Every structure is written in C-alpha cells, then in structure tokens.
Novice: 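Structure provided below as structure tokens; questions to follow.
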Amino acid sequence: MYYVMIVSVLYFVIMLFSFRNIKDIFRRAKYSTYNTLSGSELVPSVSLLVPAFNEELTIAENVRCLMTLNYPTYEVIVINDGSSDETLKVLIEEYGLTLLPNPQIRGKISTNKVRGIYYNPQYPQLYVIDKENGGKADSLNAGINLSRYPLISSIDADSLLEKDALIRMARMYMENPEETVAIGGDVRIANGCVIENGEVKDVSLPRRMWPMFQSIEYMKAFLGGRIGWSHLNGLIIVSGAFGLFRKDYVIAVGGYRGGYPGEDMNIIIKLHRYMLENKIKYRVAFCPEAVCWTQAPDSYNILSNQRKRWGRGNLKNMIENRDMVFNPKYKIMGLLTMPYNVIFEALNPYFRITGLLALLGYVLLDMTNWKVLVVFGLVNFLSGYMLSVGALILEEIAFRRYTKLSDQVKMLLFSALKFVGYHQLGVLWRVQGHIQYLQNNNSWGTMTRQSWKDKKEAA
C-alpha cells in the first residue's frame with residue numbers, strides 16, 4: 001500500500017513538471033519560426049540511420065518519407081542487417097542502386113562484416129549498407145562509421161517521420177548546441193491513420209484493441225513522463241524509433257552496445273555517465289512536437305514478445321549500471337532517475353504481486369476487512385486513471401492531434417479499461433522478460449510487419 005502511494009505521488013510530481021512546461025511547448029509548437037530554418041545554411045547537417053531487418057513490406061515507404069523531409073542538408077543511411085527477406089532487393093530496385101567500388105568508411109567502431117555499400121548518384125543523399133546480421137546496435141554503429149555529418153538520428157524502419165519533425169528537433173538543438181548531447185522525439189501509434197506516399201494524411205485512433213491500449217500507454221509515457229524528466233535533465237531513454245544525437249559523444253562512449261535489447265536506454269545511460277564523470281555540462285532533451293509515427297504490434301504474441309524484450313533490456317541496464325544508483329557523483333541520474341527506475345520500474349511487478357497476495361491473505365485470514373481491499377483497489381485505479389487523463393489533457397492543450405469527439409471519448413474509455421487485464425498482463429510480461437534474462441535469452445522474438453497500405457486497411 002505504501003509502495004503504491006509513493007509511486008503514485010512520484011508519477012504526479014513528474015506530471016506536474018510536464019504541465020509546468022506545456023505552455024512553452026505549445027507556444028514553440030504553434031508559433032515557432034522553424035519553417036524559416038528549412039532552407040538555412042546555419043542548420044546543422046544530419047545523418048539519418050535506419051537499421052532494417054526483414055522490413056521488405058515497409059522499407060520503401062519509410063525511405064520515401066525520409067527523402068522528402070523539410071530539412072536543408074541530410075543523408076539517409078539504411079543498414080540492411082543480414083535480412084533473410086527481400087529488403088535489400090526492394091531498395092536496389094526502387095532506387096536503382098549499384099555497389100560502390102571504394103566506399104569511404106570514416107568511423108572505426110567495431111561491427112560485423114559489411115558486405116557492400118550501395119548508391120545511386122541520382123539520389124545523392126541515400127546510401128544502403130549491406131552487412132552480416134549483428135542486431136540493431138551493430139547496425140547503428142555501421143551507420144555511424146559511414147556517416148558524414150556531426151549529428152546522427154536513429155529511425156526505426158517501420159516508422160514515418162512528419163515532414164517537419166527533424167527541423168523541429170534541430171531548432172531545439174540550436175538553442176544550446178554546446179550542451180545538447182541527445183534529443184528524443186514523440187512516438188505515436190500509426191495504426192488507424194491514413195498513410196499516403198509515406199505521410200500521415202489523416203490522424204485517427206486504432207480500431208483494434210492492442211494498438212489502442214498502446215496509444216494510451218505511449219501518450220502517458222511521452223507526454224506525461226518524458227516532458228517532466230527532461231525538465232529535470234533526468235531522461236533515461238530516448239526512443240530507438242526516433243532520436244537525435246551528437247555523433248562525437250556517441251563515438252566517445254564507444255557507440256551503441258550490442259548483444260541484448262535495450263540499446264536505446266543503454267546509449268543514454270552511457271552518455272549521462274560520460275558527461276558527469278568528465279564534468280561536462282550537458283542536457284538530454286525531449287521535443288514532443290517532433291513526431292514519429294510507428295506501427296504498433298496488433299496481436300497478443302507480438303506485443304508480449306516486445307514487452308518481454310523491453311523487460312530484459314531494462315533489467316540488464318540496471319544491473320550493469322548499479323554503481324550509479326544512489327551515487328551523488330551522478331547527480332539527478334544517480335539520486336533520482338536510476339533509483340526510480342530500479343524501484344518503480346524494474347522491481348514494480350514484484351511489489352505489486354506480493355502486495356496483492358498479502359492483501360488477499362489478510363482478507364482470507366480475517367486480519368483485515370474486505371472493504372479495505374476494495375478501497376485500496378479503487379484508490380489504485382483512480383490514481384492511475386487520473387495520470388492517463390492528465391496525459392490526455394496535455395495532448396489537448398498543446399497538440400490536438402485527435403480532433404474527433406469519438407476519439408476523445410474512446411481514449412477516456414480505454415484509459416479506464418487498461419486497468420482490467422492489460423495492466424496485469426504488463427506485469428506478467430515484465431516478469432517473463434526477467435526470467436528470460438536469467439536464462440540468458442537474448443532472442444528478439446517474432447516481429448511480423450504489414451505494408452502501410454495493409455496497415456491502413458486492417459487497423
């Protein structure tokens with residue numbers, strides 16, 4: 001009971017920081033002169049890194065989207081990570097790519113063998129790396145080695161960026177380029193949206209249950225959580241689906257760590273550690289108006305595999321960086337972010353399971369009144385529901401992506417329904433992920449994709 005009370009209070013405090021910053025975010029999103037930067041030579045050049053493994057159904061649409069961003073100077077580097085499907089063939093045929101005879105590899109981060117680099121002068125900003133399978137982190141490192149520009153951005157191959165997403169991030173970076181080492185973007189669920197020519201034309205909520213629950217979950221995590229953590233400079237993760245980084249610092253920490261899921265959290269923890277240990281002033285920021293749309297798992301098996309993988313990655317990162325926990329040397333990260341993540345994220349399912357069993361035991365043994373259990377359940381539900389509603393209010397104040405009344409009613413309904421089954425499944429999946437970690441299971445799990453056209457029709 002005390003655990004639930006403490007975690008609820010902390011969630012509300014973080015959300016209050018989000019509300020404190022939402023007016024500035026609204027003004028920046030609505031009145032910013034970012035459009036004037038689209039043709040400016042002052043905007044820093046960016047290398048977009050797109051790891052791709054068995055993405056033949058989405059890769060062409062994704063690259064088409066990335067090639068038409070409102071940004072002055074950038075390159076798109078797709079890394080085919082030993083795909084067993086037609087990912088490489090689709091790209092070669094779509095863009096008429098040929099093998100580069102003597103490619104210039106600039107970086108020296110160790111990666112699995114690169115089999116070739118493909119290019120077509122008619123598309124001067126597009127490169128495709130074909131390499132042996134090594135995982136997402138290894139692919140990103142291969143992309144860093146080839147990249148030409150001082151900023152790198154990681155983009156998932158099943159995601160679509162809004163045309164102004166990158167320039168909005170760049171504007172935030174340009175406000176403080178010396179201190180900004182990473183910026184995270186807002187990730188939203190594309191299931192249910194109308195996608196045409198690599199662009200979201202009509203925003204709508206998913207029609208299926210699993211993606212709908214994830215829409216609510218993402219909104220709470222990104223708007224209700226990451227805005228607040230960013231204000232404290234305590235962000236522990238920049239989503240692998242869309243993030244911007246200073247390449248020199250990513251190289252300084254040895255690049256991405258391979259061998260297990262959770263590379264997006266790992267690189268941020270390494271950056272925090274490096275900057276604090278070297279006493280370099282820095283910030284890890286969050287830009288909620290820079291939006292990336294992603295395909296959400298729409299079946300139980302795929303979603304459970306994803307969440308087990310997240311659980312493994314989170315636990316491994318916490319264990320490997322346990323020296324930072326409650327260590328004043330690491331400031332906010334050591335005294336707040338890491339302890340919070342260990343106690344209220346990694347250990348959350350065990351507190352909840354044992355607490356629930358204890359309460360049931362008290363009732364069965366007549367050690368407490370059943371009404372206490374009911375009141376506890378209602379308080380737990382209402383606190384969680386208010387946090388979800390708070391995220392919806394933040395969305396309504398600053399962004400208003402979902403303008404239909406039916407969508408708003410649906411979000412309120414699913415914010416309540418997720419506590420009846422879905423929330424409990426999340427606890428189960430996290431425990432299963434921890435068991436897989438103890439079994440040394442580093443498998444990715446089966447992740448099937450649909451083309452964006454099929455996703456629109458099936459959503």
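Since we're looking at a predicted model, the values are computed, not measured.
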Novice: Are Phe222 and Trp229 close enough, and set up right, to give a ring pair (Phe, Tyr, Trp, His ring centres under 6.0 Å), and what steps lead you there?
Specialist: CA-CA 10 Å; Phe222 283 87; Trp229 282 113; over 10 Å; no
Novice: Without swapping roles, check the side chain of Asn321 against the backbone of Asn317 for a donor-acceptor pair under 3.5 Å.
Specialist: yes
Novice: Evaluate the side-chain proximity of Phe399 to Val291: yes if any heavy-atom separation is below 4.5 Å, no if none is.
Specialist: no
Novice: Begin from the C-alpha positions of Phe286 and His231 and carry the test ring pair (Phe, Tyr, Trp, His ring centres under 6.0 Å) through to its verdict.
Specialist: CA-CA 9 Å; Phe286 176 60; His231 177 77; over 10 Å; no
Novice: Is any side-chain heavy atom of Asp164 closer than 4.5 Å to a side-chain heavy atom of Tyr71?
Specialist: no
Novice: Working to the nearest 0.5 angstrom, can you tell me the gap between Ile195 CD1 and Asn191 CG?
Specialist: 9.0 Å
Novice: Which is it for Leu205 and Met411 under the side chain to side chain contact (heavy atoms under 4.5 Å, CB included) test, yes or no, and what are the steps along the way?
Specialist: CA-CA 9 Å; Leu205 290 172; Met411 287 189 289; 3.5 Å; yes
Novice: Considering all heavy atoms of both residues, which atom of Val325 and which atom of Val342 are nearest to each other, and what is their separation?
Specialist: CG2-CG2, 4.0 Å
Novice: Is there a side-chain hydrogen bond (donor to acceptor under 3.5 Å, both in side chains) between Thr294 and Ser159 once you walk through the steps?
Specialist: CA-CA 4 Å; Thr294 188; Ser159 302; 3.3 Å; yes
Novice: Give a yes or no answer on whether the side chain of Asn278 reaches the backbone of Tyr274 with a donor-acceptor pair at less than 3.5 Å.
Specialist: yes
Novice: As a test of understanding, state which of Val76, Ile152, Leu151 forms a side chain to side chain contact (heavy atoms under 4.5 Å, CB included) with Val46.
Specialist: Leu151
Novice: Could you tell me whether the side chain of Asp158 and the main chain of Glu55 form a donor-acceptor pair under 3.5 Å?
Specialist: no
Novice: Salt bridge between Asp264 and Lys136, side-chain N to carboxylate O under 4.0 Å?
Specialist: no
Novice: Please report the C-alpha distance between Arg307 and Glu217 in whole Å, then the side-chain angles of each, then the deciding distance to 0.1 Å, and finally whether the salt bridge (charged side-chain N to carboxylate O under 4.0 Å, His left out) criterion is met.
Specialist: CA-CA 12 Å; Arg307 298 312 166 91; Glu217 197 175 31; 2.9 Å; yes
Novice: Indicate yes or no: at least one non-hydrogen side-chain atom of Arg257 is less than 4.5 angstrom from one of Glu263.
Specialist: no
Novice: Indicate yes or no: at least one non-hydrogen side-chain atom of Arg430 is less than 4.5 angstrom from one of Glu345.
Specialist: yes
Novice: Between Tyr218 and Trp310, what is the ring plane arrangement, given parallel below 30°, perpendicular above 60°, and tilted in between?
Specialist: tilted
Novice: Could you tell me if the side chain of Leu49 sits less than 4.5 Å from the side chain of Ile155, heavy atoms only?
Specialist: no
Novice: Would you say Arg20 has more than 12 foreign heavy atoms packed within less than 6.0 Å of its CZ?
Specialist: no
Novice: How long is the gap from NE2 on His272 to CD1 on Ile236, to the nearest 0.5 Å?
Specialist: 7.5 Å
Novice: Report yes or no: does Tyr256 contribute a side-chain atom to a donor-acceptor pair with the main-chain N or O of Asn266 at less than 3.5 Å?
Specialist: no
Novice: Output the distance between atom CD1 (Ile332) and atom CG (Leu232), rounded to the nearest 0.5 Å.
Specialist: 6.0 Å
Novice: For the rings on Trp429 and Tyr300, is their centre-to-centre separation under 6.0 Å?
Specialist: yes
Novice: State whether Arg401 and Asp186 are salt-bridged, where the test is any N-O pair (Lys NZ or Arg NE/NH1/NH2 against Asp/Glu carboxylate O) under 4.0 Å.
Specialist: no
Novice: Do the side chain of Lys247 and the main chain of Tyr149 share a donor and acceptor less than 3.5 angstrom apart?
Specialist: yes
Novice: Going by salt bridge (charged side-chain N to carboxylate O under 4.0 Å, His left out), Arg188 matches just one of Glu289, Glu162, Glu395. Which one?
Specialist: Glu395
Novice: Could you check whether any side-chain heavy atom of Ile167 comes within less than 4.5 Å of a side-chain heavy atom of Val43, counting everything from C-beta outward?
Specialist: yes
Novice: Would you find a donor on one side and an acceptor on the other, under 3.5 Å apart, between the side chain of Tyr74 and the backbone of Met67?
Specialist: yes
Novice: Keeping Asp298 on the side-chain end and Pro211 on the backbone end, is there a donor-acceptor pair under 3.5 Å?
Specialist: no
Novice: Give a yes or no on whether the backbone of Leu335 and the side-chain of Asn327 come within a donor-acceptor separation of less than 3.5 Å.
Specialist: no
Novice: List the steps, then state whether side-chain hydrogen bond (donor to acceptor under 3.5 Å, both in side chains) holds for Glu179 with Asn176.
Specialist: CA-CA 6 Å; Glu179 295 181 12; Asn176 194 349; 3.1 Å; yes
Novice: Does any non-hydrogen side-chain atom of Ile79 lie less than 4.5 Å from one of Asp138?
Specialist: no
Novice: Using atom types as modelled and distance alone, determine if a side-chain donor or acceptor of Glu56 lies under 3.5 Å from a backbone N or O of Glu86.
Specialist: yes
Novice: For the residue pair Lys220 and Tyr11, would you count it as a cation-pi contact if the rule is NZ or CZ under 6.0 angstrom from the ring centre and within 45 degrees of the ring axis?
Specialist: yes
Novice: To the nearest 0.5 Å, what is the distance between CD on Glu320 and CE on Met318?
Specialist: 10.0 Å
Novice: Could you tell me if the side chain of Met15 sits less than 4.5 Å from the side chain of Ile227, heavy atoms only?
Specialist: no
Novice: Salt bridge between Glu199 and Lys201, side-chain N to carboxylate O under 4.0 Å?
Specialist: yes
Novice: Please walk me through it: do Leu10 and Val7 pass side chain to side chain contact (heavy atoms under 4.5 Å, CB included)?
Specialist: CA-CA 5 Å; Leu10 286 173; Val7 72; 5.5 Å; no
Novice: Return the OG to CG distance between Ser230 and Asn21, rounded to the nearest 0.5 Å.
Specialist: 7.5 Å
Novice: How many angstroms lie between CG in Asn314 and OH in Tyr437, if you round to the nearest 0.5 Å?
Specialist: 11.5 Å
Novice: For the CD atom on Glu178, are there more than 12 heavy atoms of other groups (residues, nucleotides or ligands in this structure) within a distance under 6.0 Å?
Specialist: no
Novice: Any donor and acceptor pair, going by atom type alone, linking the side chain of Thr180 with main-chain N or O of Pro177 inside 3.5 Å?
Specialist: no
Novice: In sequence, state the C-alpha distance, the side-chain angles, and the governing distance for Lys131 and Asp81, and then conclude on salt bridge (charged side-chain N to carboxylate O under 4.0 Å, His left out).
Specialist: CA-CA 5 Å; Lys131 62 179 286 293; Asp81 189 39; 2.7 Å; yes
